Every structure is written in C-alpha cells, then in structure tokens.
Amino acid sequence: MKIGCINSYLLQNVKGKIGLVFAVASGILTFFDVNQSVKNTILISAIIISLLIYISNLIFANLMSFTTFKMGDSEVSVQKGDIFSSKIYNNHDYIKVFAFNEYFDTQVDDKIISKRSLNGQFILKNGIDVNLLNEAIHSDIRLNDQHKIAEQSDRTLGNKIQYELGSIFTYKDDIFLTALTHFNKYDQAYLSMQDYVRFLINFWDEIDSLYAGRTVVITLFGSGITRLDDRSYNNTQILDTILWTFRLRRIKFKKPTKLIILLDRDTNQKINYYKIKDRFYGLQE
C-alpha cells in the first residue's frame, strides 16, 4: 500500500469526521434520557461508523490515480497520460514540453540519446531532420543571446554549444524543448538536486514569458535520471519539488489554461496522490 494504516495525513483528515460522529453521539446521550441498552447501541454505532470512515478513506487514499487542485490562481492537474496522444494534446491549445540535455543534443543512437527516452521518441516519431533542428537551435536569437553559456569545441559527439539549464527552445508554436541535464564526458546525464531546483526555477520563468495563455503539458522531469545527486529520490518527492518551485515562481495559469503533469502507467502507480493533494490543495499565494 502507498498509504499505511497510521499515515499522519490520513489520521489528520479523518480525525475531524470521526470527532463529529462522537460529538453527535454525545449530544444524543446528553440531551435524551435513554436506558443503558440504547446507550450501548449508540456508542457501538459510533465506533462502527468511525471505523467505516477510516477504512473508506484508507481505501480511497490508496486508489487515487490522479488529482486536480488550485494553487493560487492556477489549476494544476497530475494524471496518467501520453504526451504523444494525438487525440488529446495534438492541438495548438496545448504546449508540449520535452526535456533534452544542456547541449540540446539530437543524436538518437542509444549513446547520446536513448531511443526509449521521451526526447528520443519525440525525434523518431516525428521523423525530424536533426540537421535542420540543430541549425534552428544554433540560430535561435533569443536562446543564444540569453542562455548560451559556452562553446565546448573539444566535444567529439553531439552539439558543442552549452546552454543554461531551464532554457527553452521553441521548436514549434506548441512544442518546446528545454535543457534539463548536464552531460559529462562519458555521455551520461547527471544533475545535483541544487541544479535540479535551479533548472525548475529557470524553466518556470521561461514558461511564464512564452506560454501565451495556453495550457502547458509536461512530464515528470528528472524521474529517469539515475545520477540525480547520487541519491534515490522517489517519484512523489520529485513531483513535490516540481510543484513547490511552480508555486515559488508564482506562475498564473488562469482558466481555461492550466498546468498538466503527465505520468506513465508505472510512475502513476507509485505516486502518493493523497499526500500531494493534502499538501497542495487550496494552497494560496
């Protein structure tokens, strides 16, 4: 179970409901003159109702597979989904964001980019001419004026221009590419938690200036990075970090637009939605 029987979030949420049940029971016993048999029945009924409330909330908490909540003026939805879905997200009302490394490498060869990664699938499924994509990235005035860090001429594979984490290249009006990870000399993506938070803060600032009142669709950035600070962060912690930085930057996705965070099936089953909803539901700026 994702939620244990003595989970503090669960106990806190059912405490008020159970308290109300016993308050009603106490009121009946106080204001009505009933015999001992009826008193016992009322108390046993209150205990049974309280157990049913607890058990139903425990089951609900473990079965949650999505959540939608308000964060300030913004609506945030976390759910299972496929960012490549043509039926739902393939229109200009949704901006889809794909994460690349700090060089915006495009070489899908299971060395620089894995064919199974989202950015690898993005390139392969769309039949993208990587030479034209590289040229577009290197000639993007906004990206290079504001976010170019250095040119690493000694790189033997991949692109040579290094960009700031969180920077965005607008591939199309409804498709953004973002620089998520560092890349070492062994062609491995790596990131410290400090860099990850810095990436998210820069990313939200970029989104705020580019999204133009449309719904933004992202995936669980960072969940597939095995070298994330050389530590193990579970998916709920990563999602938690994404949401806290979103709140920190005070992005305003007002209706009908919103932020959608899509998770694959396996990741979705591991997310503690109950904890996420409890922590962020109704949170105001």
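Predicted, not measured: the structure shown is a model, and the values here were computed from it. Here, residue 1 is the first one in the sequence, and each next residue gets the next number.
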Side-chain donor/acceptor of Ser117 to backbone N/O of Ile113, under 3.5 Å: no

Quiz item: cation-pi between Arg214 and Tyr94, 6.0 Å / 45°: no

More than 12 heavy atoms from other groups under 6.0 Å of NZ on Lys255: no

Between Tyr233 and Tyr196, ring centroids under 6.0 Å: no

Cationic N near anionic O, under 4.0 Å, Lys160 to Asp105: no

Polar side chain donor-acceptor pair, Ser153 to Glu151, under 3.5 angstrom: no

Parallel, tilted or perpendicular: ring planes of Phe203 versus Phe199, cut at 30 and 60 degrees: parallel

Side-chain heavy atoms of Asp173 within contact of His92, under 4.5 Å: yes

Gln237 side chain to Asn234 backbone, donor-acceptor under 3.5 Å: yes

Contact check, side chains of Gln121 and Lys115, non-hydrogen atoms, under 4.5 Å: no

Check: Phe69 and Ile276 side chains under 4.5 Å, non-hydrogen atoms: yes

Salt bridge Lys96-Asp174, side-chain N to carboxylate O under 4.0 Å: yes

Polar side chain donor-acceptor pair, Tyr163 to Asn144, under 3.5 angstrom: yes

Salt-bridge present (Arg249, Asp208; N to O < 4.0 Å): no

Centroid separation Phe98 to Phe84 less than 6.0 Å: yes

Pair Phe122 + Tyr171: ring centers closer than 6.0 Å: yes

Side-chain heavy-atom pair Lys258, Lys70 within 4.5 angstrom cut-off: no

Parallel, tilted or perpendicular, as decided by the 30° and 60° cut-offs, for the rings of Phe253 and Phe246: tilted

